[in-house]
There are 2 protein chains.
Amino acid sequence: MTMVRFSKKIEYALGTLQFLGMNPNEFYSARELSEILNIPYEFLSKTLAKLAKSKILNSNFGTKGGYQLSVNPKELKFSQILSALDEPINVVECVYGDEDICERSSICMIKTPMFQLQSKINELISSTTLEDLLNFADKSTIQNSEQKVKQVLG
Amino acid sequence: MTMVRFSKKIEYALGTLQFLGMNPNEFYSARELSEILNIPYEFLSKTLAKLAKSKILNSNFGTKGGYQLSVNPKELKFSQILSALDEPINVVECVYGDEDICERSSICMIKTPMFQLQSKINELISSTTLEDLLNFADKSTIQNSEQKVKQVLG
DNA sequence: TGAAATTCCGATTATTTTAATCGGATTTTA
DNA sequence: TAAAATCCGATTAAAATAATCGGAATTTCA
């Protein structure tokens, strides 16, 4: 962290998954999604590819291709989304990792307590699902978004 | 985030506060702490100054000066430590912040759900205290640390 | 069958953030 | 008054994040 801030990559992924969750059974291309959601195309397309590789999205090649949510929003945990996009990262480097990685290891007394905190964070991101993202979406913003879809798709 | 990782600044601060919590009623200079805890002096001294400014540490000038924990570990929340070291930072830029900061604001549907997640994170870092850090410290590492203290202070 | 639209893949560049360092002023002790 | 310390601002170095570039493979459809 600095404190706790999602990277743009994650923020974009969450927004996209939310959109796809609200519009299931339909394929959207990276280009369309980038225009609808106002996200840089080159960047978003890499994120989409990763989500597809992790089977969170279905993807199709070709002119009619694109992406589609492949899982039930209720079953898609934040922790899965995060692991699809990044190597697992913990509050401190040595949690779950090689202790030799830090030269302070032998005298560092925060490892075990940090392990405890990490568990709580893991619990939090495992108990939050895409469904939560869908349920709490703000209504007026949903309307704005739907208008943008019409504008982009014509 | 990338995912959730404390900055070195925070990691150093936690380790230092833990050490000072285990050795109350005594002043340690930035130089001593940097040697005992194996943390770059220049960097640590800035961190200590911030903690002192936030009244988490007592500080004294001069040759016999140094730092000392000024609060009860049970009363010192992680959230206080984090705010002492950084501007408040949230899971996404717009939470609690100016919406105009993000050009996607009008169509971004994750704001409200992110607000919910932020609350849970805030709750977590408010319910974790320095005492937790002290309680869960690993015993064998404490011994290593105590040896290091003798080695440094003679 | 071939042009267009797409996903996919690797590499590079630019930007921002984090980490570390430098120089020096102020305060206290002895 | 010299030494040891906190304090303060600025700069530099390193690392991580964000964005871009170039092109290969796949599918659609005229």
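Every chain is numbered from 1 and lettered A, B, ... according to where its sequence line falls, protein lines coming before strand lines.
- Two rings, from A/F115 and B/F136, have their centers 6.0 Å or more apart.
- Closest to the side chain of A/A49, out of C/dT21, C/dT6, C/dC8, is C/dC8.
- When the nucleotides D/dT27, D/dT6, D/dT20 are ranked by their closest atom to the side chain of A/F61, D/dT27 comes out on top.
- Contact check, B/S45 against D/dC7: no side-chain N or O comes under 4.0 Å of OP1 or OP2.
- By the 6.0 Å contact criterion, NZ on A/K148 is enclosed, its count of non-hydrogen atoms from other residues, nucleotides or ligands being greater than 12.
- Ranking C/dC8, D/dT20, D/dC7 by closeness to the A/A52 side chain, first place goes to C/dC8.
- Using a distance-only test at 3.5 Å, with no hydrogens or angles considered, no donor-acceptor pair links the side chain of A/D138 to the main chain of B/T112.
- For B/K53 and B/K64, each mapped to the nucleotide of DNA chain D holding its nearest heavy atom, the one lying further toward the 5' end belongs to B/K64.
- When the shell of 6.0 Å around CD of A/E123 is examined, it contains 12 or fewer heavy atoms from other residues, nucleotides or ligands.
- The CG atom of A/N38 sits 16 Å away from the P atom of D/dA18 (whole-angstrom rounding).
- Distances from the side chain of B/T63 to the nucleotides C/dA20, D/dT6, C/dT28 place C/dT28 closest.
- Rounded to an integer number of Å, the gap from CG of B/L44 to P of D/dC7 is 12 Å.
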